[in-house]
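Excluded from the calculations below are hydrogen atoms, water molecules and symmetry mates; all remaining heavy atoms, backbone and side chain alike, are included.
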Amino acid sequence: KVGWYNAVLQPAFHLPYPDDTLAFVVLSTPSMFEKALKPFVNKERLKIIRDPVDQCVSHHLSRVKEKFPDQKVDIIFDYEILPSRKPKFLAQTAAHVAGATYYYQRKDVELDPWGKKKIYGVCIHPKYGGWFAIRGLLLFPDIQVPFLEQSAPVDCVSTQEKRIELLEQFNFHWQDGRYRDIIEVKERYSEEQKAYFATPPAERFKLLGLTQ
């Protein structure tokens, strides 16, 4: 429910819907690259003019919207920002309150070793660890679900030592991706997918055989 999200954030970040409005957080799993992105690029090769992953996600969520012709469906993508440069929604907070992933933050560590350093939080999925992405939000403004019960996310990094290790790796060594394997995972990105996301965005077109 939108109210779960708004309840944990300052008013500046609230979504402008009634508290009981139904919302879905959309994640991409490791197989997205092979099952969705590559077929999309092959089919829409001439129409790709911006980030291929963003366009692929937009294409698939638009198809979801078409499945509900009698419903109003609002889509917010993870990359969208407001004129103030703030994101349109805080993806990690949304995933946490929806029970999809656990958003580990500095406040989840009792004896904080970082002093005045800025420490960013990170979501971990109980099945995929850090090998996933939050892609968007589907909102159904005309559907109110007052009796929907909130499910807590799975706390899969439960020890203090592991939480410190996770936040250390994510904040200071994120390039090597070790934080993604903080727990035992069922599936990871393929080598091709790792190479794609490790490549600077401007050069990714070449990897997919696209001209910019």
Side-chain angles (χ1 to χ4, degrees), residues 23-45 48 50-65 67 75-80 87 89-105 120-138 151-158 162-163 165-210:
F24 291 86
V25 177
V26 181
L27 308 182
S28 63
T29 67
S31 60
M32 177 279 290
F33 192 82
E34 277 72 28
K35 288 182 179 173
L37 181 66
K38 286 167 76 174
F40 173 75
V41 168
N42 286 334
K43 189 163 175 261
E44 307 288 338
R45 191 169 288 279
I48 295 173
R50 53 186 173 87
D51 184 275
V53 172
D54 290 350
Q55 274 192 242
C56 174
V57 171
S58 175
H59 166 77
H60 283 286
L61 292 192
S62 298
R63 289 187 64 192
V64 170
K65 189 171 179 172
K67 300 281 184 194
I75 304 173
I76 308 177
F77 296 100
D78 67 302
Y79 53 82
E80 289 188 279
F89 82 107
L90 299 182
Q92 300 202 105
T93 301
H96 184 95
V97 299
T101 67
Y102 200 106
Y103 183 23
Y104 291 97
Q105 300 175 75
Y120 293 95
V122 60
C123 277
I124 295 294
H125 189 281
K127 184 175 175 184
Y128 303 117
W131 302 100
F132 75 97
I134 303 159
R135 298 295 181 188
L137 206 54
L138 290 173
S151 299
V154 178
D155 179 4
C156 48
V157 186
S158 52
K162 275 287 183 191
R163 289 179 183 183
E165 184 185 337
L166 169 65
L167 293 173
E168 288 263 334
Q169 288 181 359
F170 179 71
N171 280 272
F172 308 123
H173 310 284
W174 61 269
Q175 292 96 330
D176 64 23
R178 280 181 300 153
Y179 78 89
R180 299 179 189 272
D181 285 313
I182 195 72
I183 60 168
E184 202 165 307
V185 298
K186 303 275 194 304
E187 196 183 331
R188 288 184 182 85
Y189 290 178
S190 63
E191 290 307 314
E192 187 182 10
Q193 185 171 184
K194 284 184 202 167
Y196 179 82
F197 286 117
T199 301
E203 292 164 34
R204 290 175 184 171
F205 282 79
K206 281 188 218 153
L207 276 187
L208 294 171
L210 300 167

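Remark: the Glu34 side chain and the Ser190 side chain contain an N/O donor-acceptor pair separated by less than 3.5 Å.
The backbone N or O of Thr101 sits nowhere less than 3.5 Å from a side-chain atom of His125 that would complete a donor-acceptor pair. Panel note: side chain Gln92, backbone Cys123; a donor-acceptor pair is recorded below 3.5 Å. The backbone N or O of Phe77 lies less than 3.5 Å from a partner atom in the side chain of Glu80, making a donor-acceptor pair. Between the side chain of Gln193 and the main chain of Pro30, a donor-acceptor pair closer than 3.5 Å is present.
With a 4.5 Å cut-off on side-chain heavy atoms, Phe132 and Thr29 do not count as touching. Leu167 places none of its side-chain heavy atoms less than 4.5 Å from the side chain of Gln105.
With rounding to the nearest 0.5 Å, the separation of OH in Tyr128 from CZ in Arg188 is 13.5 Å. Atom-to-atom distance recorded for Ile183:CD1 and Lys162:NZ is 10.0 Å, nearest 0.5 angstrom. Put simply, CG on Leu166 and CG on Asp181 are 11.5 Å apart, with the number rounded to the nearest 0.5 Å. Atom CZ of Phe40 is separated from atom CZ of Arg45 by 11.5 Å, given to the nearest 0.5 angstrom. Note: Ile48 CD1 to Lys43 NZ = 11.0 Å, rounded to the nearest 0.5 Å.
Around atom OH of Tyr120, no more than 12 heavy atoms belonging to other residues, nucleotides or ligands sit under 6.0 Å away. For Lys127, the NZ atom counts as loosely surrounded, since its 6.0 Å shell holds 12 or fewer non-hydrogen atoms of other residues, nucleotides or ligands. Atom CD of Glu184 is surrounded by 12 or fewer heavy atoms from other residues, nucleotides or ligands within 6.0 Å.
Scanning all heavy atoms of the two residues, the minimum distance from Pro39 to Ala36 falls at CD-O, 3.4 Å. Heavy-atom minimum distance, Leu61 versus Ile75: O-CD1, 3.6 Å. Taking every heavy atom of both residues into account, Ile124 and Cys156 meet most closely at CG2-SG, 3.7 Å. Among all heavy-atom pairs drawn from Leu137 and Ala94, the shortest one is CD1-CB, 4.4 Å. Closest approach of Pro126 to Ala100, counting heavy atoms only: CD-O, 4.0 Å.
By the 30° and 60° cut-offs, the orientation of the rings of Trp131 relative to Tyr189 is perpendicular.
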>> For Gln169 and Trp174: C-alpha separation, side-chain torsions, deciding distance, then whether side-chain contact (heavy atoms from CB on, under 4.5 Å) applies.
In response: CA-CA 6 Å; Gln169 288 181 359; Trp174 61 269; over 6 Å; no
>> side-chain contact (heavy atoms from CB on, under 4.5 Å) for Glu165 and Glu168? Distances and angles first, verdict last.
In response: CA-CA 5 Å; Glu165 184 185 337; Glu168 288 263 334; 5.7 Å; no
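Under 4.0 Å is where a charged nitrogen must lie from a carboxylate oxygen, and between Lys206 and Glu203 no such pair does. Of the charged side-chain nitrogens involved, at least one lies within less than 4.0 Å of a carboxylate oxygen, so that Lys38 and Glu192 count as a salt-bridged pair.
With sequence neighbours excluded, the residues satisfying side chain to side chain donor-acceptor pair (under 3.5 Å) with Ser28 are Arg135. The side chain to side chain donor-acceptor pair (under 3.5 Å) check on Tyr104 picks up Asp155, with sequence neighbours excluded.
When each of Ile134, Val97, Thr93 is checked for a side-chain contact (heavy atoms from CB on, under 4.5 Å) with Val25, only Ile134 meets the rule.
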Under 3.5 Å, side-chain donor or acceptor atoms of residues 53-60 against the rest of the protein: list the pairs with distances, not counting sequence neighbours.
unit_1: Gln55; atom_1: OE1; unit_2: Ile49; atom_2: N; d: 2.8
unit_1: Gln55; atom_1: OE1; unit_2: Arg50; atom_2: N; d: 2.9
unit_1: Gln55; atom_1: NE2; unit_2: Lys47; atom_2: O; d: 3.2

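Outside the 6.0 Å centre-distance limit, the rings of His173 and Tyr179 are not counted as a close aromatic pair.
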